[in-house]
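Structure, as structure tokens:
The basis for the numbers below is simple: all heavy atoms, side chains too, and nothing from hydrogens, waters or symmetry mates. Residue numbers run from 1 in the order of the sequence given.
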Amino acid sequence: MTQWRKIFSKLGFQSIVPPLALLLVATLAFGWLAIRLTTHFSNLQTHISRTTEANESLIRVTLLRSQVKEALLLYEATGRSELLSQIKMLESERAGESAHLKNLITSIEPDVLHLEAFFAGTRESLGLRQKALAALANGQRNRARELIESFLILYRINSARMEDLHGFLKSQLTASEAEMSQLLDSLPYFIISLLLIEALGAYFIITRHRRRVLQPLNLIHNGLGKVARGNLGEPVPVTDAPTEIREMMEDFNAMTMALERTTRELDLARSRAERAARVKSEFLSNMSHEIRTPLNVIVGIADILGEKMASLGVTKEVNVLAKSSRMLVNIVNDILDYSRLESGRTSLAKAPFDLRSAIKEVASVLESLAREKGLNVKIDIDPSVPRFIVGDEFRLEQVLLNLINNAVKFTDKGEVVIHAKCEKRGALSLLTIKVSDTGIGISPENVSRIFSRFEQAEASTIRRFGGTGLGLAIVKQIVNLFGGEITVDSKLGHGTTFSVSMPVQAADAAPVSTDAAPEIPGTLQSPQLNAPARILLADDSSDNRFLIRAYLKNSPVEIIEAQNGQQALDHYKTAPFDAVLMDIQMPVKDGYDATREIRAWESEHGRNVTPIIALTAFSLPEEIERCREAGCTSTMIKPIRKQDLIMTLNRFFSRAKPGLTAESPTEV
Ligand code: ADP
């Protein structure tokens, strides 16, 4: 039953049955009326034609009567025998015509009063005529005269009756014709009302169809538009509509509700994930800060010990300590870097740089390590590679450093080849750099895992080669940021080729770096400040203050210490300094506020701008930007190496000596 209803509804009958039924009734009624009308019309036509015929017959009978009468009177007067046969012939003709007339009139109106009287009169007058003829034949002229007199009287009476009959037929004809013309007059009204009713029916069907089908469909259409614009909260009002459309509206509402629920859940999940990512990022940042602070001391002390022990010839243990602490720094950097890349908070720099020398520089950094292992490092740069491109030099070098470092690390004999080429792709060029080695290779089942974070091809790798399994994950993220892709082709025991392809834009030339600082070769040398200086050192950690003091021990410096930002500010106001080393995380007043207030004080008192070097354990770019905004001239990220500190200070002193003013811009 339901099935039938559905089919019925699908065909659209449900909505148009009432108007269709109405139309059908109207059509049937009009059909019946039309048949009735046609029948009536044809009856009227028959009636009219019969009446006309009867009228004609009556005229003929009248004529024959008068001819018979004339012939009888002539015969009486002349006695010509041929008149007798003429009378007989006219008589029989009249009899036939009279019978025909009678039939016609009876078919028109069976109960015509004058008819019987007329025919009775006719019969009587025939009898009188025949008697008169017989009397004439017998020579009884007087008797014949009397009979003819009687005949003539009856003739006049019958003529009057015929007049009545004629009047009757005439009235019949007039009535029929009037009825006929009335019928013909009403025909246009009939047709117009038929058309009107049909049009009304059609209009009714269309309106109903629109209300029950088109309007609900329109509502669904509007609803879809709202969903497309992301407005899921408004259900479509379920209106009076055929079952299928109503079900469609209900399904649509159920779907949007489910969609809204899912979207809400997704939003919730996203905000949770974002919060989790933020918490993770803050945690990593804080952890990095917490690890870097003691690491700063370890790395620094290792450097200082290295210097001291070098003179005593004990370097191996100190070197191991220094190397381990530097490895720890690298791990912390990698974790932080990966977390930043993963959360999508890293953007690429866009500046022209020398691509060819970048590749060569990275290779040269690792060349000594390769040489130690007896490996040959080959660089093959195709002429198609442009010298200058626009992009992020640091990140490209980071990718190459990771790949070449791995190639050297996982190869015991043979060579490491770096091959670069470029192909034109419209306005851009596709740069492909391949790093191939003849090392241990990677098994096919492990190839897919190595780009995942903390994944290493073999469990034994970590024991033999060390590493965190983060390098390639970082490389992949960076290559993706470049809009490129990284693939690997490897054969276990025979070697590996990593291939990086990315779109690059060639540049005319790279700006000459103005930041080049004099190199201080070797970590175990003892670099010093070039000129005597007065330095304000603000750090809440006594270990860090001790370390900086130790770094600058052999330099001609006077160091004034402060344990927080407020103390630093107070000291600064008392006497001029050549530089301020400002830790950022400090109690009472942090490094940002202290720097801001120093800059404000300098400006207020028209004092020279003293270089303020921020020392921070937070390495995020936003932290560095915050330091710059607070007024720091430069930022150094912990752990701080002795040579880096002295290099930075020397750079500022050589620049600052002519005297900076408060209006001079600070170095970024
Ligand atoms: P890590 O080297 O710190 O362990 P990576 O992410 O750089 O982390 O590398 C992940 C793993 O991929 C490595 O542990 C190693 O198993 C494999 N791998 C990477 N490069 C090579 C290579 N050139 N030859 C062989 N194996 C490699």
Seminar exercise, completed: So CD1 of Ile478 and CG of Asn402: to nearest 0.5 Å the spacing works out to 7.5 Å
Exercise. Donor-acceptor pair, Asp354 side chain versus Arg356 backbone, under 3.5 Å?
Worked result: yes
For this session: Apply the test side chain to side chain contact (heavy atoms under 4.5 Å, CB included) to residues Ser499 and Thr432: give CA-CA distance (whole Å), side-chain angles for both, the deciding distance (0.1 Å), then the verdict.
Result: CA-CA 7 Å; Ser499 185; Thr432 306; 3.7 Å; yes
Exercise. Is Arg626 positioned over the aromatic face of Tyr592, cation under 6.0 angstrom from the ring centre and no more than 45 degrees off axis?
Worked result: yes
For this session: Determine yes or no for a side-chain-to-main-chain donor-acceptor pair under 3.5 angstrom, with Asp578 supplying the side chain and Arg534 the backbone.
Result: yes
For this session: Determine the minimum heavy-atom distance between Thr438 and Gly414, stating which atoms define it.
Result: OG1-CA, 3.2 Å
Exercise. Among Leu537, Leu581, Asp539, which residue meets the side chain to side chain contact (heavy atoms under 4.5 Å, CB included) test with Asn544?
Worked result: Asp539
For this session: With side chain to side chain contact (heavy atoms under 4.5 Å, CB included) as the test, would you mind laying out the steps for Ile613 and Leu649 before giving the verdict?
Result: CA-CA 9 Å; Ile613 298 153; Leu649 284 173; 3.5 Å; yes
For this session: Would you please test Arg545 and Asp583 for salt bridge (charged side-chain N to carboxylate O under 4.0 Å, His left out) and show each step?
Result: CA-CA 10 Å; Arg545 292 200 306 273; Asp583 182 34; over 6 Å; no
Problem set entry | Derivation of the salt bridge (charged side-chain N to carboxylate O under 4.0 Å, His left out) call for Arg270 and Asp267 | CA-CA 5 Å; Arg270 196 187 53 207; Asp267 280 349; 3.7 Å; yes
Problem set entry | CA sep, side-chain torsions, deciding dist, call: Val488, Phe451, side chain to side chain contact (heavy atoms under 4.5 Å, CB included) | CA-CA 10 Å; Val488 56; Phe451 292 108; 4.0 Å; yes
Exercise. Backbone N or O of Cys422 within a donor-acceptor pair of the Ser384 side chain at under 3.5 Å?
Worked result: yes
Problem set entry | Main-chain N/O of Ile304 paired with Lys642 side-chain donor or acceptor, under 3.5 Å | no
For this session: Examine distances only and state if a side-chain atom of Asn376 and a backbone atom of Glu415 form a donor-acceptor pair shorter than 3.5 Å.
Result: no
Exercise. Is the backbone of Leu268 close enough, under 3.5 Å, to the side chain of Ser271 for a donor and an acceptor to pair up by distance?
Worked result: yes
Seminar exercise, completed: Taken to the nearest 0.5 Å, the spacing of Met582 CE from Leu536 CG works out to 6.5 Å
Problem set entry | Donor-acceptor under 3.5 Å (Ser501 side chain, Glu485 main chain) | no
For this session: Using distance alone, with no hydrogens and no angle criterion, decide if Glu597 and Tyr572 have a side-chain donor and acceptor under 3.5 Å apart.
Result: no
Exercise. Any chance CD of Glu629 has more than 12 other-residue heavy atoms, nucleotides or ligands included, within less than 6.0 Å?
Worked result: yes
For this session: For Glu393 and Ala358, indicate whether the former's side chain and the latter's backbone hold a donor-acceptor pair under 3.5 Å.
Result: no
Exercise. For the side chain of Ser603 and the backbone of Arg599, is there at least one donor-acceptor N/O pair under 3.5 Å apart?
Worked result: no
In a table with atom names and distances, give each donor-acceptor pair under 3.5 Å that connects a side chain of residues 363-372 to protein atoms at least two apart or in another chain.
| unit_1 | atom_1 | unit_2 | atom_2 | d |
| --- | --- | --- | --- | --- |
| Ser364 | OG | Glu361 | O | 2.7 |

Exercise. Any chance NZ of Lys589 has more than 12 other-residue heavy atoms, nucleotides or ligands included, within less than 6.0 Å?
Worked result: yes
Exercise. If you measure from CG on Leu375 to NZ on Lys409, what distance do you get to the nearest 0.5 Å?
Worked result: 14.0 Å
Problem set entry | Under the side chain to side chain donor-acceptor pair (under 3.5 Å) test, residues paired with Arg596 that sit two or more places apart | Asp593
